[in-house]
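Every chain is numbered from 1 and lettered A, B, ... according to where its sequence line falls, protein lines coming before strand lines. Computed from heavy atoms alone, side chains included, the values below leave out hydrogens, waters and symmetry copies. Everything numeric here is computed off the predicted structure, so don't read it as measured data.
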Amino acid sequence: MSAFKSQFLNIMAERGFYNQCTNETGFDDYLYGCEKSGTPAVGYLGSDPTGDSLHVGHIVPLMMMRWFQKCGHKPLTLVGGATARIGDPSGKDKLRPFLSEETLAENIKGLKKSFGKFLKFGTGAHDAVMVDNWDWFKNINYLAFLRDIGTYYSVNRMLTMESVKSRLDREQPMSFLEFNYMLLQGYDFCELYQKYGCRAQIAGSDQWGNITSGTELGRRKYDVELFGFTSPIITDSNGKKMGKSEGNAVWINDEKLPSYDYYQYFRNIGDAEVGKCLRIYTDLPMDEVRRLEALKDKEINEAKKILAFEATKICRGEEEARAAQATAVQVFEQGTAGGELPSIEISSIEGLHAIDAFLQLGFVASKGEARRLIKQAGLKINDKAITDENYKFSAADVVNGQIKLSQGKKKHGLIKTV
RNA sequence: GGAGGGGUGGCAGAGCGGUCAAAUGCAACGGACUGUAAAUCCGUCGACUUCGGUCUACGAAAGUUCAAAUCUUUCCCCCUCCA
C-alpha cells in the first residue's frame, strides 16, 4: 500500500497506472520532497496535434496528470506543433501525411479543449499550463541544432530504439525526418526543464524511447536528472487497445461524440475490465472501487453504471452524465425512448422511406446495407422489426410526436416531427 | 546510377487471360443465447436497383484481346542488394 513515500506514486501504483520509471526511488524522493515542502513538482505530458480531439486511448496519461495535479503538483501540457510536422514513428509503419497549417491550428484548439476537461488551467502555482513546442523549434538553426544536440546522440544507440528497430525489422520505410523525432522530443524535455523547472515526463509506455531520449540529453547536456514515468497500454480482454466503439474512436470532445455515446462506451465495458476501468477512468476512492469490482454476475451491471456515470462526469460534466444515464435507463430498462438519443427533425413523415431515415441518422452507410439489415431483422421502428424494405412512414407510426428507430440492440434514434 | 522484388477490399494476404465484386484470416455488422458482459453458434460484409440486373473497383495512364487484377508499354511509389 505505501510502497512509496510520495502520495503520487502510491496512487499510481494502486490504481494501475504504473508501468515503468527511469529511476523509481529517485523520482519518489523528488516528489516526496516537493509534497512535504509544498512546492509543486513540475511534470509534462506531450501530445501531437495530429487529430482535432483526444480519444479514450489518451485518457490514461491525462488521468495521471490529473492525479499529479491533485497531489499538489503542476502539470504542463505540451502540444507538439513542431513534432506533428515530423510525425512520431513509434508504433507506426508509415510516414504520416503532412498536415496543413490550418489543420494544425484547428487541432491544437481541439487538444486544448480535451486537456481542459481533465486538468485545471490557470496562472496559479498548481495550475496547468499549455505550451507548444513550435514556439522554440520554429526558428531553430539546423547547424546549431546538430552541433548542440546532435553531438549527444549516438546513431548506434538510436538504431536499437524500439520505434526505429521495429520499423527496420519489418522492412518498412523510415525517413530521416522521422528518425529525428526522438531528438526533438528529447529537446522538448530539456527546454521545459530550463523554462519551467520541469523534471518529469508522463506518458504511455509507447513513449519510453522518446522519454529516455530526453532524460539522457538532460544528463549529458545539463547534468540534471530528469524522470520519465509511463503507464501500461490499457487493453481490453482481447488484447486490443481501448477506445474504439463500433469501429469509431471514442472522442473526448463533445462535438465529436455525444455524451450519451460516451456513456454507453463505458456502460458496455466487458466484465473483466470493470475493476481496471474504475481505477483508471474514475476518481472514485479505492475502497469504493474494491467494493464495486467484487460484484458478480448481474450485480456487476451496477458497477458498470457507476463506471459509466463517473467517467462521463469527468469528461463531460455532471449534468451531461445524468442526462446520458437517464436516457440509457429509459431506452434499455424501460424500453422507451430517451431524450438524448440521436435524432432528426422533419416536418412531414408521410411517404418518407424508412431506409432513408436510417441513412440520415447515420445508422447505415448505404441503402444496400439497410436492405440487408432488414432481411436480418436488424432494423426496428418503434421496437418492431421492419419486414418490408420499401416501408414508408405514415402518421400511424408517430407516437408522442416522434418515431423510435433502432438498429440492432444498441443503436437507437428518433425522428421528431415539427 | 546498376541489379532484383513488389504495389489487390478497413488490415493481412491469395489469385497471375474468361467460371473474379476477387480465396482465406482478422476486424466490423445483424440474429440466436444472455446481464446493454464474455464465450459460442448461425448469417452478412463495393454502390445502385423496378431484385432481372446495372455501374464502379485490384498504384496511374495508354495498348493487345471477343474478354485483363491477370499480357505489353510508359509513368508514379515502396523494399532489398550493389555503387
S.K.: Quickly work out the A:L379 CG to B:C29 P distance and round it to whole Å.
M.R.: 15 Å

S.K.: Rounded to the nearest angstrom, tell me the gap between atom CD1 in A:I374 and atom P in B:U49.
M.R.: 12 Å

S.K.: Once you apply a heavy-atom cut-off of 4.0 Å, does A:K375 come out as touching a base, just sugar-phosphate, or nothing?
M.R.: nothing

S.K.: Taking for each residue the nucleotide of RNA chain B with the nearest heavy atom, is it A:A377 or A:F332 whose nucleotide lies nearer the 5' end?
M.R.: A:A377

S.K.: Indicate whether any N or O donor in one side chain lies under 3.5 Å from an N or O acceptor in the other, for A:Y153 and A:S213.
M.R.: yes

S.K.: Relative to the 5' end of RNA chain B, which residue comes earlier, A:K298 or A:A365, by the nucleotide with the nearest heavy atom?
M.R.: A:K298

S.K.: What parts of residues 309-320 of chain A reach RNA chain B, counting only heavy atoms under 4.0 Å away?
M.R.: none

S.K.: How many whole angstroms separate atom NZ of A:K409 from atom P of B:G30?
M.R.: 8 Å

S.K.: Check the distance between B:U36's P and A:L341's CG and give it to me in whole angstrom.
M.R.: 16 Å

S.K.: Would you tell me if any nitrogen or oxygen in the side chain of A:K380 comes within less than 4.0 Å of OP1 or OP2 on B:G31?
M.R.: yes

S.K.: Between A:Y262 and A:F266, does the ring centroid distance fall short of 6.0 Å?
M.R.: yes

S.K.: Please classify the nucleic acid contact of A:E389 as base, sugar-phosphate, or nothing, using heavy-atom distances under 4.0 Å.
M.R.: base

S.K.: Strictly below 4.0 Å: does A:K305 bring a side-chain N or O up to OP1 or OP2 of B:A37?
M.R.: no

S.K.: Which one, B:U49, B:U44, B:U36, comes nearest to the side chain of A:R371?
M.R.: B:U49

S.K.: Can you tell me the distance, in whole Å, between the NZ atom of A:K410 and the C1' atom of B:U34?
M.R.: 11 Å

S.K.: Which one, B:C29, B:A47, B:G35, comes nearest to the side chain of A:D271?
M.R.: B:G35

S.K.: Atom OG1 of A:T77 and atom CD1 of A:I202: how far apart are they, to the nearest 0.5 Å?
M.R.: 12.5 Å

S.K.: Pairing donors with acceptors under 3.5 angstrom, does anything connect the side chains of A:E24 and A:Y18?
M.R.: yes

S.K.: Could you state the atom-to-atom distance from NZ of A:K304 to P of B:U34 in whole Å?
M.R.: 16 Å

S.K.: What's the shortest heavy-atom distance between A:I415 and A:I346, and which atoms?
M.R.: CG2-CG2, 3.6 Å

S.K.: Taking Watson-Crick (N1-N3 plus N6-O4 or O6-N4) and G-U wobble (N1-O2, O6-N3), each under 3.5 Å, can you produce the dot-bracket string of RNA chain B? Use [ ] for crossing pairs and | for inter-strand ones.
M.R.: ((((((((.[[[..)..(.....]]].(((((.......))))).(((....)))...[[[[[..)....]]]]]))))))).

S.K.: Is the shortest side-chain N to carboxylate O distance from A:R290 to A:D287 below 4.0 Å?
M.R.: yes

S.K.: Separation of A:Q376 atom CD from B:G31 atom C1', in whole Å?
M.R.: 7 Å

S.K.: Output yes when A:D271 and A:K304 qualify as a salt bridge under the 4.0 Å nitrogen-oxygen rule, no when they do not.
M.R.: yes

S.K.: Just the rounded figure in Å: distance from P of B:G35 to CG of A:D297.
M.R.: 10 Å

S.K.: Would you say B:U49 has OP1 or OP2 under 4.0 Å from some side-chain N or O of A:K367?
M.R.: yes

S.K.: Can you name the one residue among A:K276, A:R279, A:R15 that meets salt bridge (Lys or Arg N to Asp or Glu O under 4.0 Å) with A:E293?
M.R.: A:R279

S.K.: Suppose we call a contact any N or O donor and acceptor under 3.5 Å apart; does that hold for the side chain of A:Q264 and the base of B:U36?
M.R.: yes

S.K.: Is the distance between the ring centroids of A:Y187 and A:F137 under 6.0 Å?
M.R.: yes

S.K.: What interatomic distance, in whole Å, is found between P of B:A23 and the corresponding atom of B:G10?
M.R.: 13 Å

S.K.: Check whether any side-chain nitrogen or oxygen of A:S366 sits under 4.0 Å from OP1 or OP2 of B:C48, and answer yes or no.
M.R.: yes

S.K.: Please work out if A:R267 contacts a base, only the sugar-phosphate, or nothing of the nucleic acid, heavy-atom cut-off 4.0 Å.
M.R.: base

S.K.: The side chain of A:L373 is closest to which nucleotide in this list: B:G30, B:A47, B:G35?
M.R.: B:G30

S.K.: Tabulate below the donor-acceptor pairs under 3.5 Å that side-chain atoms of residues 321-338 of chain A make, not counting sequence neighbours, or state none.
M.R.:
from: A:R322; atom 1: NH2; to: A:E318; atom 2: OE2; distance (Å): 2.6
from: A:Q325; atom 1: NE2; to: A:Y263; atom 2: OH; distance (Å): 3.4
from: A:T327; atom 1: OG1; to: A:A323; atom 2: O; distance (Å): 3.2
from: A:T327; atom 1: OG1; to: A:E340; atom 2: N; distance (Å): 3.1
from: A:E333; atom 1: OE2; to: A:K305; atom 2: NZ; distance (Å): 2.9
from: A:T336; atom 1: OG1; to: A:Q330; atom 2: O; distance (Å): 3.1

S.K.: Any side-chain donor paired with an acceptor under 3.5 Å for A:S6 and A:D28?
M.R.: yes

